[in-house]
Amino acid sequence: MFRDRDALPTGLKTGRDLWPAVHSERAALAADLAVLTDEQWATPSLCSGLSVREVLAHLTAAGSLSPVRWFAGVVRSRFDFDDQVARRLAEQLGDTPADTLARFRGVVTSTTAPPLPRIALLGEVVVHGEDIRRPLGIERDHPIEVLTRLAEFYTHSDLMFPGKTRVAGVRLVATDGPFTTGAGPLVSGTTLAIMMATAGRAVYCDELTGDGVATLRIPR
């Protein structure tokens, strides 16, 4: 699936090597959010209709659901996946922001997960972590190997969202790492901005340059 696989750091080439990266990203996010005020917790995230607190509860749900519980919830929601996500988010929200953060801290080192590839689970915490951090003005210096791995995954797959479709016909070149892929009009910028734009976060297109940027702005 990943055409540039051999260019990636050895430690992130296989699914079994990704849990430490997942745990590290969760721990960093929990630390970043430890000092938020109640007003900041209510800040709209980059996920339409969800506050930063609600997005964090969603990440807690992702670290709490075994495949059996996930499937049982899907059945209970009559295969309405949006309803399933909303139900699990509500379960993990808690009564206060402090409850929400405590629940998330409880899954920082969890290896429980829905039936998804581990690279997708890593992507969940990185992308949603940025959905939370960006509106709050918080920056994280993600390991470049993590961002490169995720950029490869998202630009070569439509599993989680139409990333492969979104970048079709453009050439992506990272300015801070080894990531490059595709052919066509150029899109260049940081690996984070490329990855987040591929994930449909149009605000990151403002950090990219090249004739292909307009293609990434098209909703898909």
Side-chain angles (χ1 to χ4, degrees), residues 11-12 15-74 76-77 81-147 149-150 153 160 192 195-196 199 201:
L12 290 178
R16 67 178 177 273
D17 298 314
L18 294 176
W19 278 125
V22 172
H23 298 159
S24 178
E25 289 295 332
R26 286 174 179 164
L29 182 58
D32 283 344
L33 302 182
V35 296
L36 295 192
T37 64
D38 286 351
E39 182 179 15
Q40 287 176 308
W41 279 108
T43 301
S45 73
L46 295 187
C47 290
S48 180
L50 296 181
S51 68
V52 298
R53 182 183 170 199
E54 290 168 324
V55 175
L56 191 68
H58 170 70
L59 287 175
T60 303
S64 306
L65 283 175
S66 67
V68 172
R69 286 194 65 218
W70 177 86
F71 185 71
V74 169
R76 189 159 50 250
S77 295
F81 291 97
D82 289 338
D83 180 71
Q84 151 84 340
V85 169
R87 285 173 182 264
R88 294 306 187 187
L89 184 158
E91 287 177 359
Q92 300 298 339
L93 195 61
D95 295 327
T96 66
D99 288 342
T100 309
L101 182 57
R103 288 167 185 253
F104 180 68
R105 282 175 169 155
V107 302
V108 163
T109 59
S110 171
T111 55
T112 300
L116 292 171
R118 287 177 192 167
I119 184 62
L121 299 174
L122 177 59
E124 278 276 290
V125 69
V126 172
V127 171
H128 285 319
E130 290 302 307
D131 289 338
I132 290 170
R133 288 186 178 99
R134 177 77 180 232
L136 295 171
I138 299 171
E139 295 184 1
R140 167 161 167 74
D141 186 15
H142 299 275
I144 193 64
E145 61 267 25
V146 168
L147 297 179
R149 184 76 161 88
L150 290 174
F153 174 60
M160 304 303 293
L192 176 64
M195 183 205 66
M196 292 296 290
R201 276 56 175 182

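Along the sequence shown, the residues carry numbers beginning at 1. Not measured: the values here are computed from a predicted model. Any value given below was found using the heavy atoms of this structure, including those in side chains, with hydrogens, waters and symmetry copies removed.
Looking at L29 and F104, their side chains come closer than 4.5 Å, going by heavy atoms from C-beta outward. The shortest distance between side-chain heavy atoms of C47 and R201 falls below 4.5 Å. Inter-residue side-chain proximity for I119 and R149 is flagged as met; some heavy-atom pair is nearer than 4.5 Å.
To the nearest 0.5 Å, atoms CG (L59) and OG1 (T100) are separated by 12.0 Å. Summarising the geometry, atom CG belonging to L89 is positioned 10.0 Å from atom CZ belonging to R53; distances are rounded to the nearest 0.5 Å. The CH2 atom of W19 sits 6.5 Å away from the OG atom of S110 when rounded to the nearest 0.5 Å. Here the CG-CD1 distance, from D32 to I132, works out to 10.0 Å after rounding to the nearest 0.5 Å. Atom NE2 of residue H23 and atom OG1 of residue T111 lie 6.0 Å apart, to the nearest 0.5 angstrom. Distance check, rounded to the nearest 0.5 Å: CG of L136 to OG1 of T43 gives 5.0 Å.
Without hydrogens or angle criteria, E130 side chain to V127 main chain gives no donor-acceptor distance under 3.5 Å.
Pairing each heavy atom of A30 with each of L101, the nearest pair is O-CD1, 4.0 Å. Smallest separation of non-hydrogen atoms from L121 and P114: CD2-CD, 4.1 Å. Here the shortest heavy-atom pairing between R26 and G63 reads NH2-CA, 3.7 Å. Heavy atoms only, all atoms of each residue included: R105 and A34 are closest at NH2-CB, 3.5 Å. What you find for P97 and W41 is that their closest heavy atoms are CB-CD1, 3.3 Å. The heavy-atom pair separating D99 from G94 by the smallest distance is CB-CA, 3.9 Å.
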Practice item. For side-chain contact (heavy atoms from CB on, under 4.5 Å), just list the numbers for H128 and H58, CA-CA rounded to whole Å, side-chain angles, deciding distance to a tenth of an Å, and then say yes or no. Key: CA-CA 9 Å; H128 285 319; H58 170 70; 3.6 Å; yes
**Study point:** M195 and V126: CA distance, side-chain angles, deciding distance, side-chain contact (heavy atoms from CB on, under 4.5 Å) verdict
**Key:** CA-CA 10 Å; M195 183 205 66; V126 172; 3.8 Å; yes
Check your understanding: Can you list the steps and then say if T60 with R103 is a side-chain hydrogen bond (donor to acceptor under 3.5 Å, both in side chains)?
Key -> CA-CA 7 Å; T60 303; R103 288 167 185 253; over 6 Å; no
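Pairs engaging residues 134-144 under the salt bridge (charged side-chain N to carboxylate O under 4.0 Å, His left out) rule: E25-R140, R134-E207 [sequence neighbours left out].
When each of D131, L56, V55 is paired with L50, the side-chain contact (heavy atoms from CB on, under 4.5 Å) condition holds for V55 and for no other.
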